[in-house]
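In what follows, residues are counted from 1 in the order of the sequence shown. Fair warning: this is a prediction, and the values are worked out from it, not measured in the lab.
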Amino acid sequence: MSTGDLLSIEPLELKFFFELKKQISCSLQLSNKTDSYVAFKVKTTNPKKYCVRPNTGIVLPRSTCDVIVTMQAQKEAPSDMQCKDKFLLQSVKVDDGTAAKDITAEMFNKEAGHVVEECKLKVLYVSPPQPPSPVPEGSEEGSSPRGSVSDNGNVSGADSAAVTRAFTERHDGPEKSAEAKALISRLTEEKNNAMQQNNKLRQELDMLRRESNKSRGGVSMVIVILIGLLGIIMGYLMKKT
C-alpha cells in the first residue's frame, strides 16, 4: 500500500496469472485519505497492451474506488516471465462537486502549479498453478483408474471412494469436471450390469436345482414301482410252487 497524502493504493504490484491467448484482469483499490475530492489518472508505458477502467475518475472524501486493469490476450510468453511494463497513477485535489466528466489533462500539469502525487506500479507475471499428474499413484501409466467389481456384483466401496476422491481433489473448484462425472457414470453402469448378470446366474441356478429335484423324484418313483412289480411277481411264483 502506498503512503501518499491523498490516496492509498493497493496493491503496488499488478499481478497477472499469465495464460496464452486469454485476457487477464487484476484490480486496484484507491482509498481517499482526505476530506477533499481527489481526481486520479492512470497511465501505462504500453497502452495498446492494457485496458484500464476507469483510467480517470473521482474518489470522494474518505471513500474508495476500484480500478480494473485488463491485459489483452498474448500470443507468446516471455522466456523469463519478466515484464518491463509499468503504470503511473497520478492524483490531485479538486474542487468539491467535481465529476469524472470534468477531469482534464491540465489538472495533472505540475508546471501549472498543481500539487500532483504520483505512484509507480510494477507489472508481474505469475505462472498459473500446474495441475497434478493425471496418473494416480499406484496405477499403471496410461490407464484410467477404475473401481473393482466383486463376485456379488457390487463395486468395491474403497476403490469407488478412492477414484471419486482423486478426481474431486484434482478438479476441485467452482465447476465439477466432466471427466470425473463420466468416470462415476461408467462405474455405476458397470455395477448395474454386474448386478444384472449376478441375478441372472442365480435364477438359472435355482432353475437347475428345481429340475434336479424333479428328476430325483421321478427316479425314486420308478424304483418304487419296479420294486412293487417285483414283489407281485415273486409272490405269484411262490404260490405256483
For atom [atom1] of [X], is the number of surrounding heavy atoms from other residues, nucleotides or ligands below 6.0 Å larger than 12?
{"X": "Asp95", "atom1": "CG", "answer": "no"}
{"X": "Lys49", "atom1": "NZ", "answer": "yes"}
{"X": "Lys41", "atom1": "NZ", "answer": "yes"}

Separation between [atom1] of [X] and [atom2] of [Y], rounded to the nearest 0.5 Å:
{"X": "Leu7", "Y": "Cys119", "atom1": "CG", "atom2": "SG", "result": "9.5 Å"}
{"X": "Leu28", "Y": "Thr64", "atom1": "CG", "atom2": "OG1", "result": "12.5 Å"}
{"X": "Lys15", "Y": "Lys122", "atom1": "NZ", "atom2": "NZ", "result": "12.0 Å"}
{"X": "Thr98", "Y": "Lys101", "atom1": "OG1", "atom2": "NZ", "result": "9.5 Å"}
{"X": "Lys86", "Y": "Thr45", "atom1": "NZ", "atom2": "OG1", "result": "7.0 Å"}
{"X": "Met107", "Y": "Lys93", "atom1": "CE", "atom2": "NZ", "result": "15.0 Å"}

**Request:** Only counting residues at least two apart or in another chain, list the ones meeting salt bridge (charged side-chain N to carboxylate O under 4.0 Å, His left out) with Asp35.
**Result:** Arg62
**Prompt:** Under 4.5 Å between side-chain heavy atoms, hopping through other hydrophobics if needed: is there a path connecting Leu20 to Phe16?
**Reply:** yes
Treating [X] as the side-chain partner and [Y] as the backbone partner, does any N or O pair qualify as donor plus acceptor under 3.5 Å?
{"X": "Thr34", "Y": "Leu6", "answer": "no"}
{"X": "Lys43", "Y": "Gln90", "answer": "no"}
{"X": "Asn32", "Y": "Leu60", "answer": "yes"}
{"X": "Gln74", "Y": "Gln72", "answer": "yes"}

**Request:** Could you note down all residue pairs passing ring pair (Phe, Tyr, Trp, His ring centres under 6.0 Å) where residues 87-119 supplies at least one of them, sequence neighbours left out?
**Result:** Tyr50-Phe87
**Request:** Tell me, please, which residues at least two apart from Glu117 pass side chain to side chain donor-acceptor pair (under 3.5 Å).
**Result:** none
